[in-house]
Amino acid sequence: MTTQNPAVRVRFAPSPTGYLHIGGARTALYNYLYAKSTGGTFVLRIEDTDLERSSSEFEQLQMADLAWLGLIHDEGPDKPNPKYAPYRQSERASIYQKYSDQLIEKDLAYYDFCTEEELEEMKALAEKEGRDPTYDGKWKNPAMKAEAAARVSKGEMPAVRFRAPKKAFTLNDKVKGSVTFPENMVGDFVIVRSNGLPVYNFCCVIDDMLMDITHVIRGEDHLNNTVRQLMIYEALGAKIPEFAHVSLLIGHDRQKLSKRHGATSVNLYRNDNYLPEAMNNYLCLLGWSHPKETDIFDKADIVSLFDLERFSSHAAMYDLEKFKWVNGQHLKKMSNGDLLKLVELLPETGFIAKQTPEWKNAAIEIAKQYSHFVNDIPNMINEMILKENLEMTDTLKEILSWETTPKIIEYINTEISKVTTDFITEVELNGWMDYVKKEMGVKGKPLFQGIRAALTGKDHGPELKIMIPLTPVNVIKKRVAQLKQ
RNA sequence: GGUCUCAUCGUCUAGCCCGGUCUAGGACACCGCCUUUUCACGGCGGUAACAGGGGUUCGAAUCCCCUUGGGACUACCA
């Protein structure tokens, strides 16, 4: 399908300033998929030049989330290729320094000693005069070079400003097509702060250049930044990689997805036991479409047909409802064995270990058919079959308000107390149902809902005939006793 | 404000590049029916969209222009 191109090198470059965001996970996925589909290399680079906000804890956490999703990088801080290491920008200071000096040397950049106040004034004045607030301080003048050098040698710390060329730049984006940034769109911008730390747009270009990155797949929020990067590539005489600016993820208010939209960190879903492949699947679909319009797939199913041509160009709204459905589909797809392993890891499911293999298989089989989430398996088994402290939901209250139900509970309580075996049989259950039907005159929905409520405390769930024989009798006894109150 | 960008069912999207096969297809959600002497699952069916206006053309969701609306970026953040 896709041409094998071992030269392809893509990267995911998160800033360790927080948890891995689902938007980040999505671009990581696209990069991963593109690398795998082309036989290329997936590089992980840590963009931690903002020392204030970056931390190694977040770096570890993000890497753990990436690993959970199976988006394994081929190169990164923990898997360095000597040719390209190091992979943390904070460890590449001397490299940036070198290129910054080089640009100053060629007069493509210059030292700027302006204070914050001076810059503010400049900006205010420009706004007043209706001009774009671009830098036009005195240090822009090449004649100041000697004075600047003198002040630097005295130990002063200026910022380094890039001399933005007066010309338009055109980018051929794989998603957006031809994009032209007009002349004067940006003024001279800072590439190294006065504290000596280089800035994102500068590091990014140097690293992509030095790491031989061939394709930059990232969010559309970087589209306008690209003009600055294009300028630097040109100044450095570097080869410009292919760009693919993927549309953004938005919330229900159509704004860029952020923390205030709720659960936007991958680790939250991980903690809730969402299936990683379901997450990949759902995220992938938000902006990319399967050539055959297939909705459910694993990473492995699509590596051979992933390409950059099938991205949609408009933003996609993040929708938990569809995600839920996708998770349910993956659940049904999984083998009972794999699912059991997952379920047995949960702290609240220790009871499973004591059950027979037949019980485990039957319980998992019925549970997965019924559920959308893994957590519903333990919860369901927990609450419906084994949990001792039942919570009375509003729905339950409704059911219990049916006039027949108290009588059913009374009856079931009497019957279940006579049971001496560990499990009741389907035959016994049928007997109880027959009694309620014939002697109490209850049938249809009230019959089943009533029995279900009496036995499980829930208004919905797997078929009673399958579930009840799997439920330990002592559990049902406790539950019924509780319901009786 | 400036620059860039986007515009198909409520939502995710196919179709658009290479106009007719589109009385616009699929999925989620929703509604109905069937199955199950319950709910869910499953099966079947239904409601629902080419933002508006101009062109070009025999013919436009598809090409061009304008309007409107949305979003992003406009830092010594990334």
Side-chain angles (χ1 to χ4, degrees), chain A residues 13-17 47-50 52-54 89 112 114-116 119 123 127 130-134 157-161 171 173 175-177 179-182 184-187 189-201 203-204 218-228 245 247-248 250 252 254-256 282 285-296 309-310 312-326 328-329 332 366 368-372 395 399 433 437 442-453 458-465:
Chain A
S15 298
T17 56
E47 307 215 325
D48 54 355
T49 54
D50 184 349
E52 307 259 304
R53 297 194 297 148
S54 301
Q89 291 186 331
D112 174 21
C114 284
T115 61
E116 219 173 292
L119 292 173
K123 210 178 195 174
E127 261 170 49
R131 286 181 289 117
D132 285 338
T134 50
M157 293 287 279
V160 178
R161 224 169 250 282
L171 165 71
D173 192 87
V175 179
K176 302 291 177 188
V179 179
T180 299
F181 304 104
N184 290 334
M185 181 178 162
V186 293
F189 55 94
V190 168
I191 54 176
V192 182
R193 303 169 174 101
S194 52
N195 65 5
L197 289 171
V199 142
Y200 164 74
N201 280 123
C203 301
C204 181
R218 71 201 338 179
E220 193 186 342
D221 46 346
H222 290 284
L223 189 58
N224 281 317
N225 271 150
T226 311
V227 66
R228 293 181 177 78
H245 286 96
S247 59
L248 263 22
I250 54 180
H252 279 97
R254 305 214 75 96
Q255 309 277 301
K256 181 177 168 183
Y282 178 63
L285 249 19
L286 251 26
W288 186 83
S289 62
H290 188 114
K292 287 189 178 141
E293 290 197 64
T294 308
D295 286 305
I296 301 301
E309 308 302 314
R310 298 193 65 81
S312 61
S313 41
H314 59 272
M317 196 179 282
Y318 184 68
D319 175 28
L320 248 16
E321 270 312 302
K322 185 148 185 180
F323 191 178
K324 169 182 156 185
W325 175 77
V326 170
Q329 294 301 309
K332 290 171 182 58
I366 187 71
K368 80 174 179 185
Q369 287 312 320
Y370 173 75
S371 311
H372 286 105
T395 325
I399 295 166
M433 289 186 73
K437 188 161 93 180
V442 183
K443 60 184 176 181
K445 188 167 176 154
L447 199 220
F448 267 71
Q449 292 287 48
I451 298 270
R452 175 183 292 283
K458 286 266 184 176
D459 66 334
H460 64 280
E463 206 174 327
L464 288 172
K465 287 177 187 174

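The chains referred to below are lettered A, B, ... by the order of the sequence lines, with proteins before strands, and numbering in each begins at 1. Everything numeric in this text was worked out from a predicted model, so none of it was measured.
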**Message:** Return a single string for nucleotides 69-78 of chain B, one symbol per nucleotide in 5' to 3' order, where B is base contact, S is sugar-phosphate-only contact and - is none, cutoff 4.0 angstrom on heavy atoms.
**Reply:** --SBB-SBBB
**Message:** Generate the contact string for nucleotides 25-37 of chain B. Rules: B means base contact, S means sugar-phosphate contact only, - means no protein heavy atom under 4.0 Å.
**Reply:** BSBSS-------B
Every protein N/O within reach of nucleotides 49-52 of chain B N/O, cut-off under 3.5 Å:
none

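Residues Met157(A) and Asn195(A) form no side-chain contact, since every pair of their non-hydrogen atoms from C-beta on lies 4.5 Å or further apart. Using a 4.5 Å heavy-atom cutoff, the side chains of Met185(A) and Asn224(A) are in contact. Using a 4.5 Å heavy-atom cutoff, the side chains of His222(A) and Tyr200(A) are in contact. Considering only heavy atoms from C-beta on, Arg218(A) comes within 4.5 Å of Thr226(A) through its side chain.
The partner of C4(B) is G71(B), judged by Watson-Crick or G-U wobble contacts that both fall below 3.5 Å. Base-pair partner of C28(B): G10(B) (Watson-Crick or G-U wobble, both distances under 3.5 Å). Using Watson-Crick or G-U wobble geometry with both donor-acceptor distances under 3.5 Å, U35(B) finds no partner in any strand shown. Here C41(B) sits opposite no nucleotide as a Watson-Crick or G-U wobble pair (both hydrogen-bonding atom distances under 3.5 Å). With a cut-off of 3.5 Å on both Watson-Crick or G-U wobble distances, the partner of G19(B) is given as none.
The two residues Leu197(A) and Thr49(A) have their closest heavy-atom pair at CD1-O, 3.9 Å. Taking all atoms of both residues into account, the shortest heavy-atom contact from Asp48(A) to Gln89(A) is OD1-N, 3.3 Å.
When atom types are taken as modelled, the side chain of Asp173(A) and the backbone of His245(A) share a donor-acceptor pair closer than 3.5 angstrom. Side-chain atoms of Ser247(A) never come within 3.5 Å of backbone atoms of Ser313(A) as a donor-acceptor pair (strictly under, hydrogens ignored).
Taking CG of Leu223(A) as the reference point, atom CG of Leu248(A) lies at 10.5 Å (rounded to 0.5 Å).
RNA chain B is contacted by both Thr180(A) and Ser247(A); Thr180(A) maps to the nucleotide lying nearer its 5′ end (nearest heavy atom per residue).
Base contact: Leu464(A) has a heavy atom under 4.0 Å from a base atom. Residue contacts for Arg218(A): at a heavy-atom cut-off of 4.0 Å it reaches no nucleic acid atom on any strand shown. Backbone-only contact: Gly287(A) has heavy atoms under 4.0 Å from sugar-phosphate atoms and none from a base.
In this structure, the salt bridge (Lys or Arg N to Asp or Glu O under 4.0 Å) partners of Lys176(A), at least two apart in sequence or on a different chain, are Glu220(A). For Phe323(A), the ring pair (Phe, Tyr, Trp, His ring centres under 6.0 Å) partners at least two apart in sequence or on another chain are Tyr269(A), Tyr274(A), Tyr282(A).
Comparing C64(B) with U57(B), their C1' atoms sit 12 Å apart, to the nearest whole Å. Across G52(B) and C9(B), the matching P atoms stand 10 Å from one another, rounded to whole Å.
Distance from the side chain of Lys332(A) is smallest for G42(B) among the nucleotides C6(B), G42(B), U38(B).
For U13(B), neither phosphate oxygen OP1 nor OP2 lies less than 4.0 angstrom from any side-chain nitrogen or oxygen of Ser289(A).
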Below 3.5 Å, can you tabulate the donor-acceptor pairs from side chains in residues 286-296 of chain A to any protein atom, sequence neighbours excluded?
{"from": "Trp288(A)", "atom 1": "NE1", "to": "Asp307(A)", "atom 2": "O", "distance (Å)": "3.1"}
{"from": "Ser289(A)", "atom 1": "OG", "to": "Arg310(A)", "atom 2": "NE", "distance (Å)": "3.4"}
{"from": "Ser289(A)", "atom 1": "OG", "to": "Arg310(A)", "atom 2": "NH2", "distance (Å)": "3.2"}
{"from": "His290(A)", "atom 1": "NE2", "to": "Thr294(A)", "atom 2": "OG1", "distance (Å)": "3.4"}

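In this entry the distance linking CG of Asn184(A) with C1' of G2(B) reads 12 Å, nearest Å.
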